[in-house]
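Scope of the values below: all heavy atoms of this structure, side chains included, with no hydrogens, waters or symmetry mates. Throughout, residue positions are numbered sequentially from 1 according to the sequence presented.
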Amino acid sequence: DQGMPPKIPGGATLIFKIEIIKIGDTPPPCDPVTGDGCSEKDVEYIEKMKQRFKHDMQLMREEIDRIKRIKETMSDMKSDIDMKEWADRRVNILEKLADADSKEDQRYEL
């Protein structure tokens with residue numbers, strides 16, 4: 001209650017402004033194979049990527065690397081934080097699609 005003279009006198013009322021970035025848990029990761037935990041936006045992205053890559057794992061890996069490079073250039077501003085989260089979701093989706101394709105290819109080889 002003494003304050004911090006000379007800038008903050010004793011008994012002064014302090015008012016803090018804060019920005020809430022996020023509340024609660026992050027959504028569960030999307031499973032592009034089963035659709036569990038996938039939002040509408042995720043499902044649209046999955047369909048688009050399936051058509052674009054047509055099981056070409058090399059192209060999927062290149063896209064994963066591209067997204068990761070872009071994410072590294074983003075700042076910590078709120079708009080970029082939202083984009084970073086979407087980048088993480090896209091990488092998760094592509095990695096799971098690539099893993100599923102890899103497992104499917106292994107089944108055919110046996």
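Partners of Asp31 by salt bridge (Lys or Arg N to Asp or Glu O under 4.0 Å), not counting sequence neighbours: none found. Asp42 is linked by a side-chain hydrogen bond (donor to acceptor under 3.5 Å, both in side chains) to Ser39, Arg89, counting only residues two or more places apart in sequence or in another chain. For Lys96, there are no salt bridge (Lys or Arg N to Asp or Glu O under 4.0 Å) partners at least two apart in sequence or on another chain. Here Lys84 pairs with Asp76 under the salt bridge (Lys or Arg N to Asp or Glu O under 4.0 Å) rule; sequence neighbours left out. Residues forming a salt bridge (Lys or Arg N to Asp or Glu O under 4.0 Å) with Glu95 (at least two apart in sequence, or on another chain): Lys68. With sequence neighbours excluded, the residues satisfying side-chain hydrogen bond (donor to acceptor under 3.5 Å, both in side chains) with Asp88 are Lys71. Under the side chain to side chain contact (heavy atoms under 4.5 Å, CB included) criterion, Leu14 pairs with Ile8, Phe16, sequence neighbours left out.
Between Glu44 and Lys41 the shortest side-chain heavy-atom distance does not fall below 4.5 Å.
When hydrophobic side chains of Ile, Leu, Val, Met, Phe, Trp and Tyr are connected at separations under 4.5 Å, Met83 ends up clustered with Ile70, Met74. Residue Ile15 shares its hydrophobic cluster (ILVMFWY side chains chained together at separations under 4.5 Å) with no other residue. By the 4.5 Å side-chain criterion applied to Ile, Leu, Val, Met, Phe, Trp and Tyr, Ile67 is assigned to a cluster that also includes Tyr45, Ile46, Met49, Phe53, Leu59, Met60, Ile64, Trp86, Val91, Ile93, Leu94, Leu97.
Applying the side chain to side chain donor-acceptor pair (under 3.5 Å) rule to pairs touching residues 58-67 yields Gln58-Glu62, Glu63-Arg66, sequence neighbours excluded.
Shortest non-hydrogen contact noted between Pro32 and Cys38 is N-SG, 4.3 Å.
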